[in-house]
Amino acid sequence: MERGEKGTTQNMRSISYSRVADVATAIATVTADPDAAYLAGGTTKVDMLRIYAEPSQRLVDINDLPINHIELQPDGAVRLGALARMNDVAMSPIVAQRYPLLAEALVLGASAQLRNMASMGGNMLQRTRCSYFRDHEAACNKRVPGSGCSALTGVNRGHAVLGTSEHCIAAHPSDAAVALSALDAVIHVQNRDGHHAYAIDDFFLAPEDTPEREHPLQHGDLITAIEIPPLPMARDSLYLKVRDRESYEFALVSVALALRVEGGAVAEVRMALGGVATKPWRARRAEHALLGRPATHEHFLHAAREETADAVPRSMNGFKIELARRTMVRALETVTARGGTP
Amino acid sequence: MTCTVNGVPRTADDVWEGESLLYVLRERLGLPGSKNACEQGECGSCTVYLDGTAVCSCLVAAGQAVGREVVTVEGLSGGPDAEPGPVQRAFLAAGAVQCGFCTPGLIVAVDDLLSRNPHPTDPQIREALAGNLCRCTGYEKIMEAVRLAAGGQA
């Protein structure tokens, strides 16, 4: 693939566009054409096409599909239509009251203009911000499988320390997916054969030796909704994001946390990490270490160390391991100090 | 393609599929106010309203705007010969314009902010404008302009 002249509109002439109004037609249209792709908010897709990180495509605009609702289900779950915009979800009282960690993660992501356009489904599929992935003169196993990984020996300050392999150390960029991971969300997908539901932890794939595979979706599969099960303790939860500047920046480390302390001990806990891992990282080791133990600094630190025990630092990102520990401890202490469900 | 721009139904001819809304506005409809800078949605220079929502028009495929309502920075004053709007006046009064390239996007973003939050705090202003980059780094004067516009003193 040749390096495109960035920014010239000439480069986009090999793209075609059509708009569809119902889910079945959308799926049939994209499934029938190997070069076709869904276009939702476009905040990643249009950008990727312009810098030639993705091949030319026939864009099928799905923004008219009726899958943009935010609904409370009879069983207490909340269903986010795949086309619900990040900002709409963040501002929805249904979400903000039940899952503050998700509302906070959304508001702390991107900029106002992007949150207004970007869809929840698209957020799940956004590509890594690894600069080598977007640079056609660099080796990248995600972009060109087998070409190598320039980040291993390159500028890797922002890269992952958890879930990495010798083939890829790109950090997953999403904040929302980290919160959704802590919430055990389910990704609903439709294709021409029917409907599939993926537990969020099974949806995001660690790179291993196939970093080009980031999720189990096949061509033509359409994310229709993200469902969040009821979790009463999440009403007191938080998303703590640490980054190089106060706004409009990806996380160096982030922690999504829901915690319930009873009688001085951890009764329930959900924790996930962003910015440090190749996928939204559910902190199961830390959860295990915390459960039933006293809600004290010492135990919080122990749990944080457990979670990062297998972390693999590279030349420039070793600081993330200590930063992740401190951020986990700070998040745990913050929620503990608030003293439970408001 | 046909859409409503600044309240007037407009049709652009020869639009190729995949062209951005920004390109249509600037090159086909004669509205060069929205600026073309990063083309990656990072700088906010191309900010317009799409159905009342502030977006980066460089990331909107032209087809996505068909049949929808677009308001550009030109639409925030009464017209080419009319008086500038209140946010525009505030930027002039505060001297919040250096090279000027980021200004139109900022004007739309500030208009959007004040329409939702007429009296924003400084942190709220900073967060709302985080997606608008000023390469001259003239942010303090821009903050002054927003405070001025919010106070209705411009």
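First the proteins, then the strands, lettered A, B, ... as listed; each starts at 1.
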- Query: Is there a side-chain contact between B/Ile125 and B/Thr121, using heavy atoms and a 4.5 Å cut-off?
  - Reply: no
- Message: Could you check whether A/Thr44 and A/Gln126, counting side-chain N and O atoms only, form a donor-acceptor pair closer than 3.5 Å?
- Response: no
- Given a strict heavy-atom distance threshold of 4.5 Å, which part of A/Ala118 is in contact with chain B: side chain, backbone, both, or neither? neither
- Can you find a side-chain donor-acceptor pair between A/Gln113 and B/Asn132 that sits under 3.5 Å? yes
- Measure distances from B/Ala62 to the heavy atoms of chain A and classify the residue's part below 4.5 Å as side chain, backbone, both or neither. neither
- Identify which of B/Pro123, B/Cys58, B/Ala109 forms the greatest number of heavy-atom pairs closer than 4.5 Å to chain A. B/Cys58
- Name the member of B/Arg126, B/Glu27, B/Glu42 that forms the most heavy-atom pairs with chain A at distances under 4.5 Å. B/Glu42
- Item | Contact origin within A/Arg115 toward chain B - heavy atom pairs under 4.5 Å | side chain
- Query: What part of B/Ala54 lies closer than 4.5 angstrom to a heavy atom of chain A: side chain, backbone, both or neither?
  - Reply: both
- Item | Region of A/Asn63 that comes under 4.5 Å of a non-hydrogen atom in chain B | side chain
- Query: Hey, are A/Asp61 and A/Tyr38 close enough side-chain-wise for a donor-acceptor pair under 3.5 Å?
  - Reply: no
- Task: Applying side chain to side chain contact (heavy atoms under 4.5 Å, CB included), run through B/Met1 and B/Cys3 and close with a yes or a no.
- Result: CA-CA 7 Å; B/Met1 67 164 279; B/Cys3 60; 3.6 Å; yes
- So which of A/Arg19, A/Arg85, A/Glu249 has the largest heavy-atom pair count under 4.5 angstrom toward chain B? A/Arg19
- Item | Stepwise side chain to side chain contact (heavy atoms under 4.5 Å, CB included) check, B/Gln88 with B/Glu83 | CA-CA 9 Å; B/Gln88 292 160 328; B/Glu83 284 294 300; over 6 Å; no
